[in-house]
Amino acid sequence: PQDKPKLGQVIVFAIQQLLAINTDLGANYELVDDIDFEGVEAWLPIGYYSIDIAAMMNGSEEVPAALAFHGTLDGNGHTMKNLDITTVNPMAAGVFGFTAGNAYLHDINIENFSTKGILCCGSLVGWASGKTVIENVTVKNANNRGMSMVGALTGSSNGDVTVKNVKVNGGSAVAGYSLLGGNIELLAGYGQAGGIIGGADGTSFANCSVKNFKVVDKISGNDGFGGLAGCANEAKYVKNCSVENVTIKATAGPVGYIGG
């Protein structure tokens, strides 16, 4: 049975309502039922922006907040499951492509996800920015792949982002995976794959755990692989977090900056 909706929030109970969030990226939404993506052959991430890869890599490109999701999604403890994304779009594979502003995503369960893309490949969010808060999320059996910045929860994050009470159990994050054949060497040195977030800049972590997970690199010379995050630059804090039975593997040769 569906939950009784809360006052002032837009209810989401099916894939069509979830897609409709793209028409109002700043509103307050809540799941009132589980969402099963089984059979969905194409998915347009919520808050999509076609970013310039070279500009993003040198730090001169930012996601316009108006084009990113900057509202709230209350999952009410419901589950999103069986989403299989394969995209050749340059950026941001996940249920949400980009989040910014004061985006708040909470109380969501994710099961059996697979995202395959180029940059910023996650299950819930491809790229979280601004003051995004992601809280009370469980991710089970997420297997995500990309050339760079790959995580079970989020591919990449930058800004004053906070990740709290996130639990990952099972699955894998693979960097150096290419949908473009010979272009796989384009981002050598920027691998960044982790159990929760692939590449985190300015992100704070609290009460997070990763269990029974694999982090894999397919390009020699890549940097940034960890059980919690591939990198965690300038984090305000990382507290009460743990990793257990996490394997980090380089299949093509030496890599740099490996940690828990």
Side-chain angles (χ1 to χ4, degrees), residues 1-37 43-49 62-81 83 85 91-111 113 115 120 122-140 142 151-168 196-197 200-208 236:
Q2 294 178 357
D3 297 335
K4 183 178 180 180
K6 298 170 184 173
L7 185 64
Q9 294 189 325
V10 181
I11 65 170
V12 176
F13 59 86
I15 292 172
Q16 291 80 4
Q17 283 79 31
L18 200 62
L19 277 170
I21 295 176
N22 270 311
T23 65
D24 189 352
L25 293 168
N28 300 320
Y29 299 89
E30 64 166 317
L31 294 183
V32 296
D33 207 346
D34 294 345
I35 303 290
D36 190 344
F37 291 91
W43 176 255
L44 177 65
I46 300 165
Y48 177 75
Y49 174 60
E62 294 291 339
V63 181
L67 299 180
F69 179 75
H70 51 281
T72 65
L73 177 65
D74 179 354
N76 279 319
H78 287 295
T79 299
M80 297 181 184
K81 59 185 177 181
L83 179 60
I85 299 171
M91 293 287 295
V95 175
F96 292 83
F98 295 94
T99 63
N102 293 306
Y104 183 31
L105 312 175
H106 63 100
D107 295 285
I108 302 165
N109 300 314
I110 292 171
E111 292 183 7
F113 268 39
T115 66
C120 305
S123 297
L124 185 60
V125 183
W127 185 357
S129 65
K131 295 184 177 180
T132 295
V133 175
I134 302 174
E135 183 176 17
N136 299 335
V137 176
T138 64
V139 183
K140 295 181 180 180
L153 177 74
T154 301
S156 178
S157 63
N158 74 300
D160 190 14
V161 175
T162 302
V163 177
K164 299 188 292 186
N165 301 323
V166 171
K167 301 184 185 305
V168 173
I196 292 181
I197 298 179
D201 188 359
T203 300
S204 299
F205 298 85
N207 304 320
C208 297
K236 288 184 179 178

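All figures in this text were calculated on a predicted structure; none of them were measured in a lab. Just so you know, residue 1 is the first one in the sequence shown, and it goes up from there.
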For I196 and V163, what are the C-alpha separation, side-chain angles and deciding distance, and is it a side-chain contact (heavy atoms from CB on, under 4.5 Å)? CA-CA 9 Å; I196 292 181; V163 177; 4.3 Å; yes

Strictly distance-based, threshold 3.5 Å: is any side-chain N or O of W43 a donor or acceptor partner for the main-chain N or O of L83? no

Tightest non-hydrogen contact, residues S156 and C120, listed as CB-SG, 3.6 Å

Counting heavy atoms not belonging to K81, are there more than 12 under 6.0 Å from its NZ? no

Without hydrogens or angle criteria, can the side chains of N109 and T138 be said to hold a donor-acceptor pair below 3.5 Å? yes

Would you name the heavy atoms of A152 and S123 that are closest together and state the gap between them? O-OG, 2.7 Å

Under 3.5 Å: donor-acceptor pair, side chain of T203, backbone of A200: no

CZ on F96 to OG1 on T132, rounded to 0.5 Å: 10.0 Å

Assess the residue pair N28 and T72 against the criterion (side chain to side chain donor-acceptor pair (under 3.5 Å)); give the C-alpha distance rounded to whole Å, side-chain angles, the decisive distance to 0.1 Å, and a yes or no. CA-CA 5 Å; N28 300 320; T72 65; 2.8 Å; yes

Closest non-hydrogen atoms of N76 and L31, given as atom of the first, atom of the second and distance, are ND2-O, 2.7 Å

V95 side chain reached by I110 side chain, heavy atoms, under 4.5 Å: no

Can you give me the closest heavy-atom contact between L25 and G47, atom names plus distance? CD2-N, 3.8 Å

Checking side chain to side chain donor-acceptor pair (under 3.5 Å) for the pair T162/S204: CA distance, chi angles, key distance, verdict? CA-CA 5 Å; T162 302; S204 299; 5.1 Å; no

Rounded to the nearest 0.5 angstrom, the CG-CD1 distance for D33 and I11 is 10.0 Å

Identify the heavy atoms of K236 and D160 that sit nearest to each other, and give their distance. NZ-OD1, 3.4 Å

Assess the residue pair T154 and I134 against the criterion (side-chain contact (heavy atoms from CB on, under 4.5 Å)); give the C-alpha distance rounded to whole Å, side-chain angles, the decisive distance to 0.1 Å, and a yes or no. CA-CA 10 Å; T154 301; I134 302 174; 3.7 Å; yes

Backbone N/O of D74 and side chain of D107: donor-acceptor pair under 3.5 Å: no

Sequence-distant partners of E135, side chain to side chain contact (heavy atoms under 4.5 Å, CB included), two or more places apart: Y104, H106, V133, K164, N165

How long is the gap from CE on M80 to CG on D34, to the nearest 0.5 Å? 10.0 Å

Mark yes or no for whether N158, through its side chain, and S129, through its backbone, hold a donor-acceptor pair below 3.5 Å. no

Looking at I108, V10, T99, which hits side-chain contact (heavy atoms from CB on, under 4.5 Å) with L73? I108

Going by the angle between their ring planes, with limits at 30° and 60°, are F113 and F37 parallel, tilted or perpendicular? perpendicular

Of all heavy-atom pairs between S157 and I197, which one has the smallest distance, and what is that distance? OG-CD1, 3.7 Å

Can you check side-chain contact (heavy atoms from CB on, under 4.5 Å) on Q17 and I15, steps first, answer last? CA-CA 5 Å; Q17 283 79 31; I15 292 172; over 6 Å; no

Angle between ring planes, Y29 versus F69, binned at 30° and 60°: parallel, tilted or perpendicular? tilted

